[in-house]
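Below: one structure, written as structure tokens.
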Amino acid sequence: MSDIEFHAVAKTGDLDDGEAIQVIVGKKEIAIYNVEGEFYATDDICTHAYASLADGYIEGDSIECPLHGGCFDIKTGKALTPPVTEDLKVYQVKVDGDDILVGVPG
């Protein structure tokens, strides 16, 4: 198993509550979410069709894909509603001062 490397990807002030942004770490497209002041990270691309989840709609702890409306749990990556059936990969998030860091396999 490879070690996790943390990368600074955004500032806490970059995301309001209920907002998501896309960041790139290496070749990975990752969505960062602010859910009630807590930050989470998943793969940004929907597992059903190529769409950026950062462009989706956050309601509570779930993100709705903007393309076909499938929902995922932001905290676990679990696929919640059709047409999505495959879970998202989730990443560790740390906040250091006002930096948001995402852990990806090294």
Side-chain angles (χ1 to χ4, degrees):
M1 190 166 163
S2 60
D3 292 327
I4 301 294
E5 294 179 2
F6 282 87
H7 302 267
V9 295
K11 301 287 187 187
T12 55
D14 293 343
L15 288 100
D16 290 329
D17 184 24
E19 192 173 28
I21 59 169
Q22 181 193 72
V23 299
I24 307 292
V25 178
K27 294 183 179 181
K28 293 184 185 298
E29 296 170 276
I30 297 174
I32 306 296
Y33 310 90
N34 179 344
V35 178
E36 298 179 348
E38 296 291 325
F39 297 94
Y40 300 91
T42 69
D43 278 336
D44 182 48
I45 303 305
C46 180
T47 57
H48 170 253
Y50 193 87
S52 171
L53 294 174
D55 293 333
Y57 310 98
I58 295 175
E59 186 163 331
D61 292 346
S62 66
I63 181 74
E64 179 182 325
C65 176
L67 191 57
H68 295 117
C71 293
F72 299 90
D73 185 291
I74 290 170
K75 295 177 181 180
T76 66
K78 183 168 177 48
L80 300 173
T81 62
V84 299
T85 57
E86 185 180 336
D87 297 345
L88 292 170
K89 180 167 178 46
V90 296
Y91 301 91
Q92 278 186 275
V93 175
K94 292 182 181 179
V95 176
D96 182 13
D98 65 347
D99 290 326
I100 301 171
L101 297 97
V102 174
V104 296

Whether T81 side chain and C71 backbone form a donor-acceptor pair below 3.5 Å: yes
Under 4.5 Å side-chain linkage, directly or through intermediates, the cluster mates of Y57: none
Min side-chain heavy-atom separation L53-C65 under 4.5 Å: yes
Selection residues 75-91 - residue pairs positive for salt bridge (Lys or Arg N to Asp or Glu O under 4.0 Å), sequence neighbours left out: D61-K75
Hydrophobic cluster membership, I58 vs Y40, 4.5 Å side-chain cutoff: yes
Connected-component partners of L67 among ILVMFWY, side-chain separation under 4.5 Å: none
Chi angles and distances behind the side-chain contact (heavy atoms from CB on, under 4.5 Å) call for E36, D17: CA-CA 6 Å; E36 298 179 348; D17 184 24; 4.2 Å; yes
Pairs touching residues 63-85 that satisfy ring pair (Phe, Tyr, Trp, His ring centres under 6.0 Å), sequence neighbours left out: H48-H68
Residues forming a salt bridge (Lys or Arg N to Asp or Glu O under 4.0 Å) with D98, sequence neighbours excluded: K11
Spacing of D55 atom CG and C46 atom SG [to the nearest 0.5 Å]: 12.0 Å
Minimum heavy-atom distance between D44 and S52, given as atom pair plus value: OD2-OG, 2.7 Å
Where D43 and L88 come nearest, the two heavy atoms and their spacing: O-CD2, 3.9 Å
Atom pair CD/CD of E5 and Q92 - distance to nearest 0.5 Å: 12.5 Å
E59, CD atom: more than 12 neighbouring heavy atoms under 6.0 Å: no
Nonpolar side-chain network containing L15, other nodes, edges under 4.5 Å: V9, I21, V23, V25, I30, I32, F39, Y91, V93, V95, I100, V102, V104
Gap separating the CD atom of E19 from the CG atom of N34, nearest 0.5 angstrom: 8.0 Å
